[in-house]
Amino acid sequence: MARNPQPEREAETDGSAGKETGGVIAVTRALQVLEAFVLGESSLPLAELSRRCGLHKTTVLRLARTLAQSGFMVQREDGDWRLGPAAGWLGARYQAGFDVQNVLEPALRELTLATGESAAFYVREDNVRTCLVRVEGPQALRHHARMGEGLPLDKGSPGRVILAFSGEPGRAYEDIRKKGYHWSIGEREQGVATVSAPVFGMHWRLMGSVCISGPASRLPAEKLEALAQTVIAAATRLSYALAGNTAAPSQSPVRATQWHP
């Protein structure tokens with residue numbers, strides 16, 4: 001007597017290892033659906049979500065409906081899907097972990113007023129840097145890093161400062177540690193200049209980097225060097241604030257010849 005055929009498994013199209021449990025694969029796929037949206041897109045049809053995720057439409061539909069139950073996605077009347085309020089709330093809670101409203105935003109606004117340029121705070125997430133919060137200057141850049149966007153660590157002064165004070169070996173990073181800051185022109189994006197300094201928390205734990213940015217035509221090398229001390233001073237004040245230290249920082253910034261992992 002022939003055995004009943006086993007139910008056919010849906011083809012794995014997301015590159016997950018076969019030994020992973022179904023639950024892990026489901027979570028990975030759900031995150032794929034959420035990450036399919038790019039900035040500026042209000043909604044996407046099911047077919048486009050399926051194409052971007054490399055998954056069958058039936059799978060994407062099942063995932064979207066499950067995410068919608070928790071408010072992470074919403075289906076519009078025309079059938080398209082958009083991110084739901086829970087996704088925004090998750091991002092807000094992520095920012096709250098860095099005390100954005102009480103500490104970071106006021107500090108960046110002060111830095112913007114002092115320099116006349118846009119200011120931002122970057123954190124490391126695995127092998128990329130993310131713009132956690134940004135305050136536009138009076139002459140905002142047309143092209144700049146968007147909040148939440150993952151950018152390379154080895155291109156641009158914010159990422160190189162993070163690498164340097166994370167212990168990255170090499171003469172270039174040793175020089176950054178000795179100076180306590182770094183500037184770059186057109187390294188990640190043509191025509192954009194930045195100067196950055198590290199920000200520390202409790203027990204000298206590296207929190208991220210603060211930077212100012214503007215067009216290279218307005219920020220040549222000599223101007224970046226002149227603004228470096230202003231950026232270092234802002235980074236020092238942020239370090240005290242994020243570490244919960246109410247004592248006023250000294251006039252001299254954190255000693256440039258020392259760094260702490």
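Bear in mind that the values here come from a model prediction, so they are computed numbers and not experimental data.
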Side chain of [X], backbone of [Y]: donor and acceptor closer than 3.5 Å?
| X | Y | result |
| --- | --- | --- |
| Arg124 | Asp126 | yes |
| Ser50 | Leu55 | yes |
| Ser118 | Gly137 | yes |
| Thr66 | Arg62 | yes |
| Arg82 | Ser42 | no |

Practice task
Mind running side chain to side chain contact (heavy atoms under 4.5 Å, CB included) on Leu163 and Ile176 for me, showing each step along the way?
Solution key: CA-CA 10 Å; Leu163 283 174; Ile176 295 174; over 6 Å; no
Heavy atoms, side chains only, cut-off 4.5 Å: are [X] and [Y] in contact?
| X | Y | result |
| --- | --- | --- |
| Arg134 | Ser213 | yes |
| Ile185 | Leu224 | yes |
| Leu46 | Asp80 | no |
| Thr194 | Ile212 | no |
| Pro198 | Val210 | no |
| Val161 | Tyr122 | no |
| Glu105 | Phe121 | no |
| Thr230 | Leu111 | yes |

Do [X] and [Y] belong together in a cluster built from hydrophobic side chains that touch within less than 4.5 Å?
| X | Y | value |
| --- | --- | --- |
| Val74 | Leu83 | no |
| Val103 | Val135 | yes |
| Leu151 | Val128 | no |

Problem - Residue pair Arg160 / Tyr173: nearest heavy atoms and the distance that separates them - result: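 In terms of heavy atoms, the two residues are closest at NH1-OH, 2.9 Å.
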Handout entry: Minimum heavy-atom distance Ala36-Cys53, with the two atoms named
Key =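 Shortest heavy-atom separation between Ala36 and Cys53 comes out as CB-SG, 4.1 Å.
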Practice task
May I have the step-by-step check of salt bridge (charged side-chain N to carboxylate O under 4.0 Å, His left out) for Glu110 and Arg237, ending in yes or no?
Solution key: CA-CA 11 Å; Glu110 183 178 345; Arg237 290 192 294 271; 3.7 Å; yes
Exercise for the section: Evaluate whether atom CZ of Arg65 has more than 12 neighbouring non-hydrogen atoms of other residues, nucleotides or ligands under 6.0 angstrom away. Expected result: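 Incorrect, the count does not exceed 12.
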Just to verify, what does [X] make a side chain to side chain donor-acceptor pair (under 3.5 Å) with, not counting sequence neighbours?
| X | value |
| --- | --- |
| Asn127 | none |
| Arg109 | none |
| Ser196 | Ser157 |
| Trp183 | Glu225 |

Atom [atom1] in [X], atom [atom2] in [Y]: separation rounded to 0.5 Å?
| X | Y | atom1 | atom2 | result |
| --- | --- | --- | --- | --- |
| His182 | Glu187 | NE2 | CD | 5.5 Å |
| Ile162 | Asp154 | CD1 | CG | 12.0 Å |
| Leu153 | Glu168 | CG | CD | 8.5 Å |
| Trp81 | Leu44 | CH2 | CG | 12.0 Å |
| Leu104 | Leu238 | CG | CG | 5.5 Å |
| Arg29 | Leu34 | CZ | CG | 14.5 Å |

Practice task
Identify whether the distance between the nearest side-chain nitrogen and carboxylate oxygen of Glu125 and Arg129 falls below 4.0 Å.
Solution key: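 Here Glu125 does not pair with Arg129 in a salt bridge, since their nearest N and O are not under 4.0 Å apart.
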Handout entry: N-O pairing of Glu35 and Arg52 below 4.0 Å
Key =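 Arg52 and Glu35: not salt-bridged.
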Exercise for the section: Run the numbers on Arg205 and Met207 for side chain to side chain contact (heavy atoms under 4.5 Å, CB included), then give the verdict. Expected result: CA-CA 6 Å; Arg205 182 169 67 89; Met207 300 291 290; 3.5 Å; yes
Problem - Pairs touching residues 111-123 that satisfy salt bridge (Lys or Arg N to Asp or Glu O under 4.0 Å), sequence neighbours left out - result: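 Pairs touching residues 111-123 that pass the test: Glu117-Arg218.
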Problem - Residues that Asp175 engages under salt bridge (Lys or Arg N to Asp or Glu O under 4.0 Å), provided they are two or more places apart - result: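 Testing Asp175 for salt bridge (Lys or Arg N to Asp or Glu O under 4.0 Å), a comparison that skips the adjacent residues, returns Arg171.
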